[in-house]
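Source: prediction; values computed, not measured.
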Amino acid sequence: MTAERNTEHALRTSDARLAGIISLAADAIISVDGQGRITLFNSGAEQIFGYSAREILGQPLELLLPERFRGGHPGHLETFGKGPVVSRRMAERQPIFGRRKNGEEFPAEAAISRMEVEGERVLTAILRDVSLQKQVEAEHRFLARAGETLSSSLDAERTLAEVARLTVESLADWCLVYVTEGEQVRLLEVAHHEPGQQALATALREFRIDMSQPFLAREVLVRREPLLMPVVTPEALESMAQGGEHLSLLRRLEPRSLMGVPLLTDERLLGALVFISTRPGRGYGAADVEFAQGLARLASLSMENARLYQAAQRATKVRDEVLGIVAHDLRSPLNSISLWLQVVERQIQKLGSADLQTRSQEPVRSIASSCRRMGRLIQDLLDVARLEAGRLSLNVSPQTPASLLREAIDSAGPEATGHQLHLDASEETPHVLADRDRLLQVFSNLLGNALKFTPEGGEIRVGARVEGEQVRFHVRDTGPGIPPESLAHIFDRFWQANRTDRRGAGLGLSIARGIVEAHGGTLQVESEPGRGSTFSFTVPVVPRAKPR
């Protein structure tokens, strides 16, 4: 008898422990009898579905399902009840959907088991609400898509409008994008979920907003803080209207829940995003505001990048306009100097004494050299402006690489005193399609650069070879080479490795690259300190005539 009492006590203790575990489990544990009536409904189920156990016990299980699933569910239970499988784990089933007492649907994962109790079949389901998990996954996917959209263009307004349209696919039924313009604010975009709301969206967009009066985003813009209205009351809606006409438009939105977040960057106010939900059971909370702030940060960064880019574009345009004007205006006095220098030189040769003629040769040569150097600098400035504006014109025609190289070497000859110039080219190299004068300008810049940095006695080789449908020209020197940290900037405009060397403006290599790229080729450099440098560029060969 003692043993039986101990056994009964152990069973009661075990039953109590099991009942406690079931009752306190966070997941919903629901049992139904053979008729599909609910016989067990733990506290986890009460929390998830919103019903109390007293309300739900004895009710059909279909009450917890969305209406679209109710018709076929009894058949599924019957099939499982008579089948060979007695249990299915959560990972073995696709996510299902439940329905809360307030009508809200939610995704869930469920495991189900079958057992016989005193000859009666009992089915028990363990159900886990995964709506938060699915929401987080959806938010991450949305932010990834929004980030791609915002980074795809430097047109801030267009990308903001696109993000607003993405938003109404998942986060909101309406999304309003406000942008600040000085002391004014403009409603840039009104995106909506329902296709039949275009007229209302247009009316909202065209309504002129007075910053001194209430409107949907005013509190967000003034306080620069998020705004959350889990439930939008009629009184709250009236408080955000600028008169009767505006209130009528807001009422037509039928907002049930609302939130707004500012668009900020470095404490600079750019605008605001307002999200509106019109669906029952879809109210915004703190987690939604946090997500919206993440989206606002991405949008603000995109707007700031666009602003900086546009400012840089404007500055570049102004600079190039100034370069063009300065270069043009410098040519007139320079031409006068060159002309008068020729007059002075002829007068000295005609009227001057032998001693004066001798003593004047060096100053005259120096002045002439300075004029030529200034002329090149002016031409460089003009070419830079043309390249930047995309107005560099080419007059292309078939050219022989060997003759181009010979002319380039001949032109550099007067400056190559003390250097060894070598030509590596074959007469059989195919013709290239190029602007002869422009390619000679490229060679002049490359050879001038090589001569400037190669010590006396050094060697400079110029040549060409065929590479498929292109010819690669090269200028190779035995100078000191280029440090690795300088290679990344070697083609930048106004950049010079040696800042104390004022023999140029740092434009030659940049212009050379622009000319080569205008031909459809590429210019590159290979260098190693102490072993010289090789600049090479490609030009397309003349297309072969197609056989008839």
Output side-chain donor-acceptor pairs under 3.5 Å for residues 225-239, partner residues at least two apart or in another chain, one line each.
unit_1, atom_1, unit_2, atom_2, d
Thr233, OG1, Ala236, N, 3.1
Glu238, OE2, Arg251, NH2, 3.4
Ser239, OG, Ala236, O, 2.5

Task: Interatomic distance, Thr180 atom OG1 to Leu188 atom CG [nearest 0.5 angstrom] - done: 11.5 Å
Task: Ser300 side-chain N/O to Leu264 backbone N/O, donor-acceptor pair under 3.5 Å - done: yes
Open item on the list: Would you say that His519 contacts Val516 through its side chain, given a criterion of any heavy-atom pair below 4.5 Å between the two side chains?
Closed with: no
- [ ] Ignoring hydrogens and angles, tell me if any N or O in the side chain of Glu55 forms a donor-acceptor pair with the backbone of Ser52 under 3.5 Å.
- [x] yes
Open item on the list: Would you say the ring centers of Phe106 and Phe49 fall short of 6.0 Å from each other?
Closed with: yes
Task: Over 12 foreign heavy atoms within 6.0 Å of CD, Glu290 - done: no
Task: Donor-acceptor contact below 3.5 Å, side chain Asp27 vs main chain Arg128 - done: no
- [ ] Please say whether more than 12 non-hydrogen atoms of neighbouring residues, nucleotides or ligands are located less than 6.0 Å from CD in Gln213.
- [x] yes
Task: Closest heavy-atom pair and its distance - Ile96, Ala110 - done: CD1-CB, 3.8 Å
- [ ] Find the distance between OG (Ser397) and CG (Asp435) and round it off to the nearest 0.5 Å.
- [x] 7.5 Å
- [ ] Please list, chain by chain and in numerical order, all residues satisfying salt bridge (Lys or Arg N to Asp or Glu O under 4.0 Å) with Glu157, sequence neighbours excluded.
- [x] Arg186
Task: Backbone of Ile48 reached by a side-chain donor or acceptor of Arg100 within 3.5 Å - done: yes
Open item on the list: Ignoring hydrogens and geometry beyond distance, is a side-chain donor-acceptor pair present between Arg279 and His193 at under 3.5 Å?
Closed with: yes
Task: Salt bridge flag under 4.0 Å for residues Glu105 and Arg68 - done: yes
TODO: Looking only at non-hydrogen atoms, find the nearest pair between Thr265 and Leu270 and report the distance.
DONE: CG2-CD1, 3.5 Å
Task: Short N-O contact, Glu67 and Arg99, less than 4.0 angstrom - done: no
- [ ] Would you check if Phe535 and Val442 make a side-chain contact, meaning some heavy-atom pair closer than 4.5 Å?
- [x] no
Task: Ser248 side chain to Glu245 side chain, donor-acceptor N/O pair below 3.5 angstrom - done: no
Task: His246 side chain to Ala241 backbone, donor-acceptor under 3.5 Å - done: no
Task: Pairwise side-chain contact, Ile276 with Leu253, heavy-atom cut-off 4.5 Å (strictly under) - done: yes
Task: Leu298 backbone acceptor or donor facing Ser302 side chain under 3.5 Å - done: no
Open item on the list: Given 3.5 Å as the limit, does a donor-acceptor pair link the side chain of Asp288 with the main chain of Gly285, or not?
Closed with: yes
Open item on the list: Could you tell me if the side chain of Phe537 sits less than 4.5 Å from the side chain of Thr522, heavy atoms only?
Closed with: no
- [ ] For the pair Thr538 (side chain) and Gln470 (backbone), establish whether a donor and an acceptor sit closer than 3.5 Å, ignoring hydrogens and angles.
- [x] no
- [ ] Over 60° means perpendicular and under 30° means parallel, so classify the ring planes of His192 and Trp174, tilted if in between.
- [x] tilted
TODO: Would you please say whether a donor-acceptor pair under 3.5 Å links the side chains of Ser277 and Ser257?
DONE: no
TODO: Determine yes or no for a side-chain-to-main-chain donor-acceptor pair under 3.5 angstrom, with Glu46 supplying the side chain and Ala53 the backbone.
DONE: yes
TODO: Would you check if Leu523 and Phe491 make a side-chain contact, meaning some heavy-atom pair closer than 4.5 Å?
DONE: yes
TODO: Could you label the plane-to-plane angle of the Phe215 and Tyr178 rings as parallel, tilted or perpendicular, counting under 30° as parallel and over 60° as perpendicular?
DONE: tilted
Open item on the list: Measuring from atom CG of Leu258 to atom CZ of Phe275, what distance do you get when rounded to the nearest 0.5 angstrom?
Closed with: 10.0 Å
Open item on the list: Using a strict threshold of under 4.0 Å (side-chain N to carboxylate O), is an ion pair present between Asp210 and Arg218?
Closed with: no
- [ ] Check the pair Val122 / Asp33 against side chain to side chain contact (heavy atoms under 4.5 Å, CB included), numbers first and verdict last.
- [x] CA-CA 5 Å; Val122 177; Asp33 58 20; 5.7 Å; no
Open item on the list: Keeping Thr202 on the side-chain end and Gln198 on the backbone end, is there a donor-acceptor pair under 3.5 Å?
Closed with: yes
TODO: Kindly indicate whether the side chain of Leu64, heavy atoms from C-beta on, has any atom under 4.5 Å from the side chain of Ile30.
DONE: yes
Task: Point-to-point distance, once rounded to the nearest 0.5 Å, from CG of Asp437 to CG of Asn395 - done: 8.5 Å
- [ ] Nearest 0.5 Å please: distance from the CD atom of Glu189 over to the CG atom of Leu176.
- [x] 9.0 Å
- [ ] Could you tell me the separation between the CD atom of Gln242 and the OG atom of Ser212, rounded to the nearest 0.5 Å?
- [x] 7.5 Å
TODO: Using a 4.5 Å cut-off on heavy atoms from C-beta on, say whether the side chain of Asp173 contacts that of Glu254.
DONE: no
